[in-house]
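Right, one structure below, let's go through it.
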Amino acid sequence: MVLHGAKLWGSIALGLLSSGSVARSIGPRDPVPAGYRAAPYYPTPYGGWLASWSEAYAKAQALVSRMTLAEKTNITSGVGMWMAFPAGITTGATWDKSLMYARGVALGEEFRGKGTNIHLGPAVGPMGRKPLGGRNWEGFGADPVLQAKAAALTIKGVQEQGIIATVKHLIGNEQEMYRMYHLFQPGYSANIDDRTLHELYLWPFAEAVHAGVGAVMTAYNAVNGSACSQNSYLINGILKDELGFQGFVMSDWLSHISGVDSALAGLDMNMPGDTNIPLFGFSLWQYELTRSVLNGSVPVDRLNDMVTRIVATWYKMGQDKNHPRPKFSSNTRNKNGPLYPAALFSPSGQVNWFVNVQADHWKVARQVAQDAITLLKNDGPLLPISRSAKVSVFGTDAAVNPDGPNACLARACNKGTLGMGWGSGVADYPYLDDPISAIRRRIPDVKFYNTDKFPKISTPADDEVAIVFISSDSGENTLTVEGNHGDRDNHKLAAWHDGDKLVQDVAKSFKKVIVVVHTVGPLILESWVDLPSVKAVLFAHLPGQEAGESLTNVLFGDVSPSGHLPYSITKAATDYPDSIAKLKGFTFGQVQDTYTEGLYIDYRYLNKNNIKPRFAFGHGLSYTTFSFSNATIKRVTPLTFLPPPRPSKLPIPSYPTTIPPASEAYWPEKFDRIWRYLYPWLSKSDADEAYAIGVANKTRYPYPDGYSTTPHPPSPAGGGEGGHPALWDVAYEIRLTVRNTGSKFKGKAVAQAYVQYPSGIAYDTPVVQLRDFEKTRELAPGEEQEVVLQLTRKDLSVWDVVRQNWVVPGAEEEKRFTVWIGEASDKLGLACYTDTLKCEVDVKPPV
Ligand SMILES: *[C@@H]1O[C@H](CO)[C@@H](O)[C@H](O)[C@H]1NC(C)=O
Ligand SMILES: *[C@@H]1O[C@H](CO)[C@@H](O)[C@H](O)[C@H]1NC(C)=O
Ligand SMILES: *[C@@H]1O[C@H](CO)[C@@H](O)[C@H](O)[C@H]1NC(C)=O
Ligand SMILES: *[C@@H]1O[C@H](CO)[C@@H](O)[C@H](O)[C@H]1NC(C)=O
Ligand SMILES: *[C@@H]1O[C@H](CO)[C@@H](O)[C@H](O)[C@H]1NC(C)=O
């Protein structure tokens, strides 16, 4: 299979050679804090018991039963190391479900055009718990529901094109630094309690599984002290039992640290195939997995389940029917390149066909970039400006990198317009329309100061407008940019290149200043946001290739801005507790990242502690105004405290469980091996020896504590893809009328629905939590649209750690849930009640 998303390992500095498992030799570990425990969960639940997957599993069974041992182990591993659109955060900022889906469709069409089988996205972990976290921009925002809905729609769009989507990274990858296991230190441990895991971090993964995602990628780090790629509780227990995941689980690149143990813990595919030191031709699976099955350590049924899951997913996406062959290489931009890039020396041949798959996807790219632009402030109002305005532009972020838009490897530089973060999640730009070119198309004689230091200029007239471009970048830990190790550990929440100083200097000279911010996440704006001349602030997030026209459409008023913040912007980093505000620093053992704040991240934390942010989660202004009125709430499915008993499992494919003959693992005769390529075969003597151990069944493998081959009773919270199907029953439906109450501008509004749990219940819950949202079409002045919002059983549930199930608190007593609806998490004027089924306007909101 071909996977899209180049993985770059420029800074892997491990000089030591190892061919075996390092998992057991890694140490020392700092102890995981008291109370956190990675409980054993064995064996791996089999796939194939859901009706929606049964046809794919039946086809898979027919194929898998004809495969040899070597063919099977071959398919569970990559064959070695090395083998374009606005970012996730920008998509989240649109709050537009139809665009989330349209972007997924366009991504899927491009991957299909290139002959790709798997798309390594979307990313919903990190969640954005830590504002300084390096890869938050790959996800959709610091809220589980925003992440979940965006991910589910992306997956739907991608997979409808026959491409397998991969939701990643399971789980707790909330900072980049110290995430990886290597010979000297284990990756950090994200210590997450059960309720926080379910109600925050797992929520978007559950929604992705519910959307039918084909693959899940595990994170580099550990959870509760056990590495995610071999954490049996996480993969076997949570993902494959409770969430009923039917596809396959792959490791993140080079995070595979054990052979037998990871197989038993539920991993199905090892990527890229190597041990965690690539290019030496060593693997913990491939030939070693063949050996482990022959010698009886990995049960035959576990291997069959791995392979069946992979093949079934391939059938499920219809890749057996006319799926195009690969037409690109992620290793080189040249026509010819290594045919076996995993090998140290490889024969060459054509690897790139340069198929143009862009079609009219620029339209979606521009729409996403444009509809994400978030107007935070507009005094005057200064915006929009007219084409006759006298305009000066400041900042290197306004113009494309003079070395070219794709000049830096994996975008590991912040030079010129910032359209994406850096790391393996990036794509080359087919082109980059930069803001200055787009502004020049409207105002040819605009003055442009391509510098981040305020230049000497003559005093501007009072009505002259200055537009200042500033940025903040982050990315993957494998590459360091201007002292930032993936996370924003150097610049923190300040603009790069002294951007905050540039804004202050421009604001001393000009009376009308617009600040445009290209950023991976929140910044602290306090040094300039209240200056009288700083009239307008636009967060353009990471706009991708369409940075220019998307912005000028907003600046000059062709469209009203309609983005909303996918995170809160605080007045100080210290407004959050250390567990969120700070990155974890180096220790000699295992870095412990303990989620002591529990459910309280972003606005959930600020609301609980009565801290007013500078700009709240969901905030975003328009050039026009809207009213929300005529709201009604209807009960759709009555709720009980617990969901009904779960549906039972359908029969699954079965295979013989006897150890296959050693001959299935012998090297083929006269085989021309490529040096250091990864193969599934063993020499005849090795295979015979392993088989003899296996059939004698005397030498016992030192199985992990708690290992068992007796299946657990199925989780009562499970029963369908993503969990118990009743969790998606619509409990309440709310309809309201959104009206453009302005007189001049068209605009799009976002109705955001936040749930407040009943008072006097036995569970501590955040003051309000986002549960649904809907963006209107573009409404002309005076125009109205009816908007429908839905609340499912899960939206009104909490995870009960004792019952190990979702419960609706107060359901029996019909206690009141209040649904707050508004344009931002701190602008909630409309309330609907689940007990009286009434809605009221102009009610004093709880925040
Ligand atoms: C981590 O430990 C906590 C506390 O024991 C537990 O509630 C939770 O389920 C554990 N999570 C995992 C993934 O093991
Ligand atoms: C192993 O997989 C590769 C593709 O990754 C394929 O070319 C090769 O034929 C396979 N070998 C076996 C034994 O199935
Ligand atoms: C079987 O092979 C695997 C992989 O080499 C090894 O880790 C394991 O210890 C072996 N088991 C036995 C019982 O020899
Ligand atoms: C008010 O809402 C009801 C029910 O959704 C709808 O039928 C009606 O047309 C709405 N009235 C206005 C004035 O929007
Ligand atoms: C090997 O022996 C163990 C313990 O006697 C038994 O539980 C297991 O089923 C046997 N495995 C095989 C493959 O025969």
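All values below were derived from every heavy atom in this structure, side-chain atoms included, with hydrogens, water molecules and symmetry-related copies excluded. Just so you know, ligand 1 is whichever comes first in the structure, and atom 1 is the first atom listed for that ligand. Just so you know, these numbers come straight off a predicted model, no measurement behind them. The first residue in the sequence is number 1, and the count goes up from there.
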message: Just by distance, no angles: are the side chains of Thr308 and Tyr655 close enough, under 3.5 Å, to form a donor-acceptor pair?
response: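 Yes, Tyr655 and Thr308 have a side-chain donor paired with an acceptor closer than 3.5 Å.
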task: Consider only side-chain N and O atoms of Asp301 and Tyr46, and report whether a donor and an acceptor are under 3.5 Å apart.
output: yes
Which protein N or O atoms sit under 3.5 Å from any N or O of ligand 1? Give each pair with its distance.
from	atom 1	to	atom 2	distance (Å)
ligand 1	2 (O)	Arg37	N	3.1
ligand 1	2 (O)	Arg37	O	3.4
ligand 1	2 (O)	Asn224	ND2	2.3
ligand 1	5 (O)	Gly35	O	2.5
ligand 1	7 (O)	Asp194	N	3.2
ligand 1	11 (N)	Asn224	ND2	2.9
ligand 1	14 (O)	Arg37	O	3.3
ligand 1	14 (O)	Asn224	ND2	3.2

message: For the backbone of Arg129 and the side chain of Glu174, can you confirm whether one donor and one acceptor N or O come within less than 3.5 Å of each other?
response: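 Checked: pair present.
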field: Shortest non-hydrogen separation from Gln592 to Pro33 and the atoms involved
entry: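 Nearest heavy atoms, Gln592 then Pro33: OE1-CD, 3.6 Å.
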Geometric N/O contact [X] with ligand 3, under 3.5 angstrom:
{"X": "Glu288", "result": "yes"}
{"X": "Arg700", "result": "no"}
{"X": "Ser297", "result": "yes"}

task: Would you check whether Tyr679 reaches within less than 4.0 Å of ligand 2, judged by its heavy atoms?
output: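 For ligand 2, residue contact (heavy atoms, under 4.0 Å) with Tyr679 is absent.
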field: Set of ring pair (Phe, Tyr, Trp, His ring centres under 6.0 Å) partners for Tyr595, sequence neighbours left out
entry: Tyr201
N/O donor-acceptor pairs under 3.5 Å from side chains in residues 238-247, not counting sequence neighbours:
from	atom 1	to	atom 2	distance (Å)
Lys240	NZ	Gly266	O	2.6
Lys240	NZ	Asp268	OD1	3.0
Lys240	NZ	Asp268	OD2	2.8
Asp241	OD1	Ser715	N	3.2
Asp241	OD2	Tyr41	OH	2.3
Asp241	OD2	Ser715	N	3.4
Glu242	OE1	His198	NE2	3.1
Glu242	OE2	His198	NE2	2.8
Gln246	OE1	Gly48	N	2.6
Gln246	OE1	Trp49	N	3.4
Gln246	NE2	Gly244	O	3.0

- request: Step through it carefully: locate the ring centre of Tyr707, locate the ring centre of Tyr42, and say whether they are under 6.0 Å apart.
  value: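 Between Tyr707 and Tyr42, the centre distance is under 6.0 Å.
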Please output the side-chain donor-acceptor pairs of residues 662-674 that fall under 3.5 Å, not counting sequence neighbours, one pair per line with the distance.
from	atom 1	to	atom 2	distance (Å)
Glu664	OE1	Leu69	N	2.6
Tyr666	OH	Asp688	OD1	2.6

